[in-house]
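Note that these values count all heavy atoms, side chains included, but never hydrogens, waters or copies made by symmetry. This one's a predicted model, so the numbers in the text were calculated from it and none came from an experiment. Lettering of chains follows the sequences in order, A, B, ..., and the numbering in each one begins at 1.
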Amino acid sequence: MKLATWNVNSLNVRLQQVLDWLAANPVDVLCIQELKLTDDKFPEAAFKEAGYHAVWAGQKTYNGVAIVSRMPGTSMVRNIPGYEDPQQRVLALTFPSPEGDVRVVCAYCPNGQSLDSDKYVYKLAWYEAMHKWLAEEIKQYPRLAVLGDYNIAPADEDVHNPEKWEGQVLVSEPERAALRALLDLGLTDSFRLFEQPEKSFSWWDYRQFAFRRNAGLRIDHVLLSAPLVKRCVACVIDKEPRRNEQPSDHAPVVATLEFA
DNA sequence: ATGGTCGCCATGCGA
């Protein structure tokens, strides 16, 4: 079972790239962030034609998430239950596996903008709500996978230039603590289960030839609960789509699970 | 020190 996450930065612009990527990388589940389109504009037919089911939570201009999958999922949840938020950032679905249900959460975590911004306050409050909800989810679903754009680089090794970035948004200690709190629920950053190339990143700014210089951050993650960690045999960042014409600023991250 | 690129949509704003 292959699970992937990709912030596409507008599905309108990136639809063909997503379809091409799925054709070359036939994953079972793809979590998409930053649709930047309303529900009525979601290209369901294109995914259906490619052999994928889809659920989505869209919004005008900003945010928006979708889960695209080979098999239809069940028990869909849209938004963090009990957390009032007009911003569409969360979708959850359950998929069958040989060992029982796998719960997949697709998350587009807030960016935060800067440490002195209201959006930073919102980011930390959002993470707290996420923490509270995931504490319940993992109880209900022992096989839990939380994929998405976390907008947090967990450690300095996930930052191309830690000295320059120190204390900035996306790497600040309160943000890292918020991410660690999710891990403390019993989730693992699957990327670090395996030996990885040095300077592995999942996002590169569009400016200043950041991708060419590999001036990036690793902010897109696949978190797995313990029963799924046992079945995880790989987690890779696919930099290939970042080389496309008109690329997303993020690369997909793919985790491979092998059930007994 | 400042702004640099995208995508939204038509202007600045968010990332």
How far, in whole Å, is B:dG3 from B:dG12 if one measures between their P atoms?
16 Å
So, using side chain to side chain contact (heavy atoms under 4.5 Å, CB included) as the criterion, who are the partners of A:E240 when residues are at least two apart?
A:D238, A:R243
Sorted by chain and residue number, the ring pair (Phe, Tyr, Trp, His ring centres under 6.0 Å) partners of A:Y62 (sequence neighbours excluded) come out as none
Take atom C1' in B:dT11 and the same atom in B:dG7, then report the distance between them in whole Å.
13 Å
Looking at residues at least two apart in the chain, or sitting in another chain, which of them share a salt bridge (charged side-chain N to carboxylate O under 4.0 Å, His left out) with A:E136?
A:K139
Output side-chain donor-acceptor pairs under 3.5 Å for residues 41-55 of chain A, partner residues at least two apart or in another chain, one line each.
from	atom 1	to	atom 2	distance (Å)
A:Y52	OH	A:V27	O	3.0
A:H53	ND1	A:R70	O	3.2

Pairwise P distance, B:dA15 and B:dC9 [rounded to whole Å]
15 Å
Taking only heavy atoms on the protein side, list every residue of residues 239-254 of chain A lying under 4.0 Å from any atom of DNA chain B, sorted numerically.
A:Q246
Please list, in 5' to 3' order, the outermost nucleotides of DNA chain B lying under 4.0 Å from any heavy atom of chain A.
B:dG3 to B:dA15
Pick base, sugar-phosphate or nothing for A:F209, based on heavy-atom distances below 4.0 Å to the nucleic acid.
nothing
Could you list the residues that satisfy salt bridge (charged side-chain N to carboxylate O under 4.0 Å, His left out) with A:R212, not counting sequence neighbours?
none
List the residues meeting salt bridge (charged side-chain N to carboxylate O under 4.0 Å, His left out) with A:D220, not counting sequence neighbours, and say none if there are none.
none
Stems in DNA chain B: runs of 3 or more consecutive Watson-Crick or G-U pairs, distances under 3.5 Å?
B:5-8 with B:12-15
Looking at every heavy atom in both A:Q88 and A:Q59, which two are closest together, and how far apart are they?
N-OE1, 2.8 Å
Going by the angle between their ring planes, with limits at 30° and 60°, are A:Y150 and A:H221 parallel, tilted or perpendicular?
tilted
Salt bridge (charged side-chain N to carboxylate O under 4.0 Å, His left out) partners of residues 94-108 of chain A, not counting sequence neighbours, each pair once
A:E99-A:R231, A:R103-A:E137
Determine the interatomic distance between P on B:dC13 and the same-named atom on B:dG4; round to the nearest Å.
14 Å
Given the C1' atoms of B:dA10 and B:dC6, what is the spacing between them in whole Å?
15 Å
Relative to the 5' end of DNA chain B, which residue comes earlier, A:N12 or A:G112, by the nucleotide with the nearest heavy atom?
A:N12
Pairwise salt bridge (charged side-chain N to carboxylate O under 4.0 Å, His left out) hits with a residue in residues 77-97 of chain A, at least two apart
A:D39-A:R78
Specify the residue among A:P110 and A:L35 whose closest nucleotide of DNA chain B lies further upstream toward the 5′ end.
A:L35
Got a sec, which residues hit salt bridge (charged side-chain N to carboxylate O under 4.0 Å, His left out) with A:D205, two or more places apart in sequence or on another chain?
A:R207
